[in-house]
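Structure, as structure tokens:
In listed order, ligands and their atoms are each counted from 1.
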Amino acid sequence: MNQFLKNIYQFVKKNPGILFSLVLIILIPLTLYFNSFLAAKSFQKSIDKIFQIKALTIENILAAFLLEKMEDPQQIQEKIALISKENQQLENIRVFKHQDDNSFIILASSNPQEIGFKSNEPALVLAFSQEQTMATLKTNKNGQRSWNVIKPLFNLQKEKTGLLSIELSLKEPDEILAKTLLGSYFIMIGAIVLSLILILHHTRLFEYVALSKKLIEIDKMKDDFIRMATHELQSPIANIRGYLEALQEEIKNFLSSEQKEMFWRISISAKNLADLIEDILEVSRIEQGRLDLTPQILNPKEIIAQVIAELQPKAKEKGLILEKEFSNDSYFINVNPRRLHQILFNLINNAIKYTKKGQIKVTTEIEKTKKRYLISVKDTGIGMSAEAQKHLFERFYRIKTRETADIPGTGLGLWISKQLTEKMGGQIFVESLEGVGSKFTLVFPLIEKV
Ligand code: ADP
């Protein structure tokens, strides 16, 4: 519980805006409730007034009747019973006769058991002596309110003979008001509880937002770390490769064939490591959007020819034919030349790596109707299964077969190629048959130079 409160405190400290919402959420229903409370109170005042008038009217009617009937209690009693029956809100009607000792005896009453009882209540004495009608709002011990109206009675000779007292209950309007107020009270509590639940829910949402912000930060820190670490690894690896080459050159005449094989393996490993570092750096550049992809309208044939020229020695070394077959056209594509070079280098380099004999052909093709420029790299290499093709463009994916076991690589080249192609508005596809060969195709939107 303590921890829960602490968490809430920390949260409010971090998001002070929430206090404002909290105040609003409590204040609005509270204001609405007080508004209905005030309306109910003013409504009650009017009702009181109406009931007072009603009590006075009944009393005047009865007093007029009593003017001549004071000596006939039987008739008075019947009249009272009749009026009581018609007015359910009338709680009590009493007719008092004045006695010489200045007390009052009950002559008739809506409660017949009272008849004959004496009373010298101060209110009765006061009304009688002042010769004035007195209306008092009374509240009994159950909290029920009623109007008590006392009126002095006169006979035809204008002599004071007694008093008429009636009690008109306000129970009914009070109950309606109480129900209305209770209703708004529950609505207010409901609104506050609902809003608090919403706030709690949003608090969690805010926490998620904070959490995802943190995750983004951590992710950025991770990326920065990878970038820094790989960058720092680059120069020691370059040193190792440089010194290894120099050392090999100096002692090559004294090495046995086994030692030469060892040297060769060390330098291959060092090259793989350098390639891996370069690829990881490239992945982090792509992910952080730190790549310059500024496009340029160009004819890809020049770049293809350049990459072929660069990789021709490697193909020759393996006894492979590396050739180009260009379509006769003058169309262009809008890409970054350096990145296109990088993609083509990777595809042609792979074709050489994964082909034992035969040829690698780079072709260009125009699909005028679809407005597409196609560049394909086709080899007669080891090919790959349909299952392997599904994962081919995933990060670090390498096909593990006996044939690929000795071929160095990072499993990042195709992922990088796909990312770069797509970021430049193109697509990359593969078609392949195991033992027959593979064909990688780059597709870019066609641009016609005017
Ligand atoms: P690597 O550095 O391993 O070559 P890539 O991402 O370039 O990484 O390629 C992923 C995997 O796809 C390779 O390990 C290889 O198994 C397979 N591959 C790529 N190009 C070819 C190809 N032309 N012929 C057969 N397999 C290929």
Looking only at protein heavy atoms, which one is nearest to [atom], and what is the separation?
atom                    : result
atom 2 (O) of ligand 1  : Thr410 N, 2.8 Å
atom 17 (C) of ligand 1 : Ile399 CD1, 3.7 Å
atom 21 (C) of ligand 1 : Tyr354 CD1, 3.5 Å
atom 3 (O) of ligand 1  : Arg398 NE, 2.5 Å
atom 7 (O) of ligand 1  : Asn350 ND2, 2.8 Å
atom 23 (N) of ligand 1 : Asp379 OD2, 3.0 Å
atom 26 (N) of ligand 1 : Met384 CE, 3.5 Å
atom 5 (P) of ligand 1  : Leu414 N, 3.6 Å

*How close do Ser438 and Gly383 get, heavy atom to heavy atom, and via which atoms?*
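Here Ser438 and Gly383 meet closest at OG-CA, 3.5 Å.
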*Considering non-hydrogen atoms only, spot the tightest contact between Gln296 and Pro337 and give its length.*
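Taking Gln296 first and Pro337 second, the nearest heavy atoms are OE1-CG, 3.6 Å.
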*Is the shortest distance from a Lys or Arg side-chain nitrogen in Glu302 or Lys324 to a carboxylate oxygen in the other one below 4.0 Å?*
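Salt bridge flag = no for Lys324 with Glu302.
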*Taking only Lys NZ, Arg NE, NH1 and NH2, and the carboxylate oxygens of Asp or Glu, determine whether Lys301 and Asp329 approach each other closer than 4.0 Å.*
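A salt bridge is present here (some side-chain N lies under 4.0 Å from a carboxylate O).
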_Applying the salt bridge (Lys or Arg N to Asp or Glu O under 4.0 Å) criterion to Glu282, which one of Arg339, Arg290, Arg338 satisfies it?_
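Of all the options given, the one that passes is Arg339.
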Under 4.0 Å from a heavy atom of [X]: which atoms of ligand 1 are those, numbered in the order shown and with their elements?
X      : result
Lys353 : 1 (P), 2 (O), 4 (O)
Gly409 : 1 (P), 2 (O), 3 (O)
Ser438 : 24 (N), 25 (C)

*Give a yes/no on ligand 1: does Phe393 have at least one heavy atom closer than 4.0 angstrom to it?*
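The answer is no: ligand 1 sits nowhere under 4.0 Å from a heavy atom of Phe393.
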*Before signing off on this row, confirm whether Gly413 and ligand 1 have an N or O atom pair separated by under 3.5 Å.*
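Yes.
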*May I ask you to check whether Thr410 and Asp275 show a side-chain donor-acceptor distance below 3.5 Å?*
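The criterion, which ignores hydrogens and geometry beyond distance, is not satisfied for Asp275 and Thr410.
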*Pair Lys314-Asn349, side-chain donor/acceptor within less than 3.5 Å*: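 Looking only at side-chain atoms, Asn349 and Lys314 do form a donor-acceptor pair, the distance falling under 3.5 Å.
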_Within-4.5 Å side-chain heavy-atom neighbours: Ser376 and Val362_ =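 Ser376 vs Val362: side chains apart.
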_Using the rule given for salt bridge (Lys or Arg N to Asp or Glu O under 4.0 Å), can you reason through Lys356 versus Glu403, listing the C-alpha separation, both sets of side-chain angles and the distance that settles it, and then say yes or no?_
CA-CA 10 Å; Lys356 284 180 193 146; Glu403 284 169 304; 3.2 Å; yes
*asked:* Counting only heavy atoms, tell me which of Val377, Leu392, Ile407 gets closest to atom 12 (O) of ligand 1.
replied: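 Checking each option, the heavy atom nearest atom 12 (O) of ligand 1 is found in Leu392.
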*Quick one: which of Ala388, Gly411, Ala351 has a heavy atom closest to atom 8 (O) of ligand 1?*
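Closest candidate by heavy-atom distance is Gly411.
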*Hey, what's the ring geometry for His391 with Tyr397, parallel, tilted or perpendicular (30° and 60° as the breaks)?*
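Ring orientation of His391 relative to Tyr397: tilted.
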*Classify the contact between Tyr397 and ligand 1 as side chain, backbone, both or neither, using a heavy-atom distance cut-off of under 4.0 Å.*
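For Tyr397, only backbone atoms sit under 4.0 Å from ligand 1.
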_Can you tell me which portion of Leu412 lies within the under-4.0 Å heavy-atom range of ligand 1? Options are side chain, backbone, both, or neither._
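Backbone only.
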_Could you check whether atom CD of Glu245 has more than 12 heavy atoms from other residues, nucleotides or ligands sitting under 6.0 Å from it?_
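Counting other residues, nucleotides and ligands, CD of Glu245 stays at 12 neighbours or fewer.
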